[in-house]
Each structure stands twice: as structure tokens, then as C-alpha cells.
Amino acid sequence: MKRMVSGIKPTGQLHLGSYLGALKHFVEYQNEYDMYIFVANLHCITVYQKPEELKKNLIDCIALYIACGLDPKRTTIFLQSDVKEHAQLGWIMNCNTYLGELNRMTQFKDKQAKGEQGLTGGIYTYPSLMSADILLYDADYVPVGDDQKQHVELCRDVAMRFNNRYGDTFIVPEPLIAKVGARIMSLNDPTKKMSKSDNNDKGCIYLLDDLKKVRKKIMSAKTDDVAKVQYDPINQPGIANLMQIASAFTNESFDELTAKFDGKGYGDFKKYVADIVCAELEVIQSRYHDIVDSGMINTILENGAIKATAIAKAKLDEVQRKIGIEVK
Ligand code: AMP
Ligand code: TRP
């Protein structure tokens with residue numbers, strides 16, 4: 001069975017972008033692949049987090065993984081920091097990654113270009129930790145949203161370089177990016193990615209948002225005056241984004257959606273999207289509350305960490321022997 005690894009940063013709440021770009025696919029793949037899904041808590045402290053908020057977000061993130069359909073019996077679910085090998089291999093990967101490579105990462109470059117203050121060393125070198133996250137598990141595939149493709153490609157380059165230098169050690173992984181939903185845009189500025197770091201709450205639908213609020217955000221999503229439901233992301237980015245969302249939920253093609261809303265207004269289309277999204281979120285939210293109340297999260301994390309550590313430890317031992325830092 002081929003293996004998959006992926007993680008989500010629990011910075012703030014999970015939103016429709018993380019769900020459609022990543023989480024929903026984890027659930028679909030778990031029957032066909034040996035899945036390792038973790039909460040990337042070491043990644044999220046690259047930006048300061050209030051400790052109490054962070055802790056709550058970690059618990060919510062795990063509860064939402066399960067509420068969205070990840071099955072702890074099939075998928076190994078764990079907290080990144082519970083498997084110490086991530087940080088250790090992260091350092092080794094950092095020593096095998098060139099400054100030129102890190103300098104090319106668009107996520108970091110964008111932050112710098114925007115003049116964000118207080119950027120940390122962690123945020124600059126985080127692709128090295130991400131390489132370690134993946135390579136520790138000999139993952140064949142890494143399901144991610146579009147924004148993470150470049151990081152997985154860097155991981156491939158570093159893995160190949162390491163294999164050439166030290167002999168075959170790592171499986172070179174491939175990013176797996178969905179055709180629909182890999183880049184959900186902000187509802188009130190559809191030229192920007194939907195993001196939890198977006199300060200404007202109107203553009204982002206959180207999985208735990210009150211459903212009335214969800215409906216309102218969709219009904220007031222920014223559109224255009226073309227007045228035709230058709231897939232034209234350049235001239236109608238808002239409608240294209242809503243079509244992506246609808247299609248990701250229902251599997252309808254863009255042509256089918258265009259035919260369905262031929263001669264109808266944007267209000268009708270928005271209502272259709274809002275109905276679909278709210279119906280799915282209602283189920284997720286009700287499961288989420290049951291899971292939090294059940295107290296099952298600690299057990300899931302303990303079991304996940306034991307299983308993940310067994311694999312990660314063997315890989316780290318092999319790496320340390322190969323690079324010559326062990327004396328035994
Ligand atoms: P993050 O929450 O930033 O850790 O992202 C978790 C996963 O969701 C990653 O695979 C991202 O690529 C994906 N993701 C985040 N934002 C979006 C978005 N707006 N559209 C699609 N995928 C996204
Ligand atoms: N960097 C990813 C993000 O911001 C999260 C992540 C960390 C990840 N390590 C990973 C994703 C390993 C896939 C594989 O979304």
C-alpha cells in the first residue's frame with residue numbers, strides 16, 4: 001500500500017480552503033493509502049501564538065479532522081511535536097538545503113515583500129522542517145493545496161540530493177493537488193487566497209462558523225456585473241471561486257453549473273452554494289461537538305504518536321548513521 005503524509009498548521013481555525021484543498025481529500029484517500037496526518041504545531045509557532053489560544057486550536061484541529069471523516073482506525077493521527085524525530089531531522093534537512101532554495105520560496109518572499117515585521121528564522125527555514133515531516137515516513141504522496149506545491153518540490157530536490165550524497169535513503173515524494181478546490185479564494189477579495197491570516201472575517205468561512213454567518217458571507221460574496229454564471233476566473237473571479245466551491249462539494253462540472261443557472265441571477269446561485277456548504281458544515285459541526293465531549297482525543301493522539309514514532313525513529317537512525325554523526 002502506498003503511503004501518504006500531510007499536515008495542517010493549527011494557526012487559528014480551519015476554514016473552507018483547508019477543508020476543500022486538503023482535509024476532504026485526506027478523508028477520500030484514507031481507504032486506499034496508508035495515511036499519516038499530523039497537526040503541524042511546530043510550524044505554527046513560526047509566528048507568535050497566544051499559548052491558551054494555540055492549545056484550543058490544537059484540540060479543535062484534531063476534533064475537526066475526525067468530524068470531517070478521518071478515521072483514527074485507518075489513519076494515523078498525531079501531533080507533530082509528540083514525535084521528536086521531526087525537529088531532529090528538520091535540523092539535518094536544514095543543513096542539506098541551500099540559502100538560494102529557501103530564498104526562492106514564494107510564501108516567504110511574499111511576506112518579506114509585504115514588509116511584515118518580526119519575521120522569524122523559523123518562518124524562513126520552515127520548508128526544511130516540512131521536508132523532514134514528509135521524508136521521515138517514506139511518503140509516496142503528499143496531498144496539499146496549491147500553495148504548498150513549491151515546498152513539496154523543494155522536499156523532492158533535497159531528498160534527491162541526499163540520496164546522491166549518502167546513498168538511497170529517502171523515497172522522493174510527489175505532491176498530490178486536487179483539480180478542483182486546490183485554491184479557494186477570499187469571498188470578499190477573490191484575487192486573494194482564503195486564509196486564516198486574513199484579518200477580514202468576511203472573506204473566510206471557518207468550519208465552526210455559525211451557519212447563519214456562513215450563509216451571510218456567501219450571499220454577500222463579491223461578484224461582478226457580467227450577470228452570467230460561467231467559469232471565467234480572470235474576468236469573474238468571484239463567480240469562478242463560488243463555482244469551485246460548489247463543484248468541490250457536488251462534483252458537478254463547471255459546464256453543468258452554467259447550464260443549471262442559465263438565465264438565473266447570482267442571488268439564486270449564491271443561495272445554492274450557501275445551501276450546499278451549510279448542509280455539510282451542519283453535519284461536521286454536530287460531530288465536532290460529540291467528539292470534543294467524548295474525551296477521545298488524548299487516546300487518539302497517544303496511539304498515533306506511538307505508531308508514527310516507530311517509523312520516524314527507524315528512519316532518523318538510518319540517516320544519522322549514513323551522515324556519520326553516530327559513533328556506534
Ligand atoms: P494550512 O492551514 O495553511 O496549514 O493549510 C493546510 C492545507 O490546506 C494545506 O495543504 C494548504 O495547501 C491547504 N489550503 C490552505 N488554504 C487553502 C485555500 N485557500 N485553498 C485551498 N487549499 C488551501
Ligand atoms: N506547511 C503546510 C502548510 O502551511 C503544513 C505542513 C507542514 C505540511 N508539514 C507538512 C503539509 C508536511 C504537508 C506535508 O499548510
Side-chain angles (χ1 to χ4, degrees), residues 3-27 29 35-47 49 57-58 60-61 64-65 68 78-81 83 85-87 89-90 93 105-108 110-111 122-156 158-159 173-187 189-198 203-207 237 240-241 244-245 247-248 308 312:
R3 190 173 284 167
M4 270 190 190
V5 170
S6 196
I8 294 184
K9 273 192 313 237
T11 323
Q13 293 283 334
L14 298 191
H15 54 77
L16 209 58
S18 22
Y19 180 62
L20 296 180
L23 193 44
K24 196 166 189 298
H25 304 290
F26 302 167
V27 176
Y29 291 131
M35 293 285 279
Y36 289 77
I37 300 293
F38 61 94
V39 177
N41 58 353
L42 294 176
H43 285 272
C44 78
I45 55 165
T46 52
V47 174
Q49 307 291 322
N57 287 336
L58 295 179
D60 279 355
C61 190
L64 278 169
Y65 278 178
C68 290
F78 63 101
L79 208 54
Q80 184 185 25
S81 63
V83 182
E85 285 75 7
H86 285 248
L89 188 66
M93 289 301 107
M105 295 297 110
T106 52
Q107 210 170 44
F108 178 75
D110 288 351
K111 283 183 188 287
I123 210 144
Y124 180 58
T125 58
Y126 114 127
S128 299
L129 179 59
M130 180 159 163
S131 296
D133 297 337
I134 298 166
L135 299 177
L136 271 177
Y137 297 95
D138 278 336
D140 300 285
Y141 297 107
V142 187
V144 281
D146 189 54
D147 61 342
Q148 295 300 320
K149 188 168 176 228
Q150 198 189 26
H151 293 152
V152 181
E153 277 163 359
L154 173 65
C155 171
R156 287 171 59 83
V158 176
E174 277 180 43
L176 210 65
I177 294 165
K179 287 200 182 69
V180 175
R183 196 170 187 82
I184 300 296
M185 309 307 271
S186 159
L187 294 176
D189 180 357
T191 59
K192 282 205 216 129
K193 196 181 69 161
M194 183 180 282
S195 156
K196 49 202 163 193
S197 49
D198 195 343
C204 185
I205 292 181
Y206 295 98
L207 299 187
N241 190 37
Q244 285 267 347
I245 294 173
S247 172

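Every number for a ligand or one of its atoms is a count from 1 in the order of the listing.
Counting atoms of ligand 1 from 1 in the listed order, those under 4.0 Å from a heavy atom of Gly181 are 21 (C). Close approach to Met194 involves these atoms of ligand 1, each under 4.0 Å from a residue heavy atom: 16 (N), 18 (C), 19 (N). Interface of Ile184 with ligand 1, defined as ligand atoms under 4.0 Å from a residue heavy atom, comprises 18 (C), 19 (N), 20 (N), 21 (C).
At under 3.5 Å, not a single nitrogen or oxygen of Gly7, backbone or side chain, sits near a nitrogen or oxygen of ligand 1. Of the N or O atoms in Asp146, none lie within a sub-3.5 Å distance of an N or O in ligand 1. Ligand 1 has no N or O atom lying under 3.5 Å from any N or O atom of Val144, backbone or side chain. For a threshold of 3.5 Å applied to N or O pairs, the pair formed by Ala22 and ligand 1 contains no separation below that value. The distance criterion of under 3.5 Å between nitrogen or oxygen atoms is not met by Lys193 with respect to ligand 1. For ligand 1, the polar-atom distance check finds an N/O of Gly145 within less than 3.5 Å of one of the ligand's N/O atoms.
Note that the OH atom of Tyr126 and the CZ atom of Phe108 stand 12.0 Å from one another [nearest 0.5 Å]. Atoms CZ and CD1, from Phe26 and Ile8 in turn, are 4.5 Å apart once rounded to the nearest 0.5 Å. Annotation: the span from Phe78 atom CZ to Asn41 atom CG amounts to 10.0 Å, rounded to 0.5 Å. Rounded to the nearest 0.5 Å, atoms CG (Leu187) and CG (Leu16) are 8.0 Å apart. The CE atom of Met35 sits 9.0 Å away from atom OH of Tyr29, with the distance rounded to the nearest 0.5 Å. Rounding to the nearest 0.5 Å gives a distance of 12.0 Å between CD1 of Ile134 and CG of Asp140.
At least one heavy atom of Asp147 lies less than 4.0 angstrom from ligand 1. For Ala182, the closest heavy-atom approach to ligand 1 falls below 4.0 Å. The shell of residues lying under 4.0 angstrom from ligand 1, judged by heavy atoms, excludes Cys44. For His15, the heavy-atom gap to ligand 1 drops under 4.0 angstrom.
Contact annotation: the side chain of Leu135 approaches that of Pro173 to within less than 4.5 Å [non-hydrogen atoms, C-beta and beyond]. The shortest side-chain heavy-atom distance between Leu42 and Ser81 falls under the 4.5 Å cut-off. No side-chain heavy atom of Met93 sits under 4.5 Å from any side-chain heavy atom of Met130. Residues His151 and Val144 are not in side-chain contact: their nearest non-hydrogen atoms beyond the backbone lie 4.5 Å or more apart.
Contacts between Arg183 and ligand 1 below 4.0 angstrom, taking non-hydrogen atoms only, involve the backbone exclusively.
The two residues Leu20 and His25 make their nearest non-hydrogen contact at O-NE2, 2.8 Å. Of all heavy-atom pairs spanning Ala312 and Val83, the tightest one is CB-CG1, 3.7 Å. Minimum interatomic distance between Asp146 and Arg183 (heavy atoms only, all atoms of both residues): OD2-NH1, 3.4 Å. Here the shortest heavy-atom pairing between Val5 and Asp133 reads CG1-O, 3.7 Å. Considering all non-hydrogen atoms of both residues, Pro127 and Met105 come closest at CG-CG, 3.9 Å.
The protein atom (non-hydrogen) at minimum distance from atom 8 (O) of ligand 1 is Ser18 CA, 3.5 Å. Nearest to atom 1 (P) of ligand 1 among the protein's heavy atoms is Lys196 NZ, 3.6 Å.
In this structure, ligand 2 sits under 4.0 Å from heavy atoms belonging to Ser6, Gly7, Lys9, Phe38, Ala40, His43, Tyr126, Met130, Asp133, Ile134, Val142, Val144, Gln148.
Distance screen at 4.0 Å: atom 5 (O) of ligand 1 has no protein heavy-atom neighbour inside the cut-off.
For atom 17 (C) of ligand 1, the nearest non-hydrogen atom from the set Ala178, Pro175, Ala40, Gly17 belongs to Gly17.
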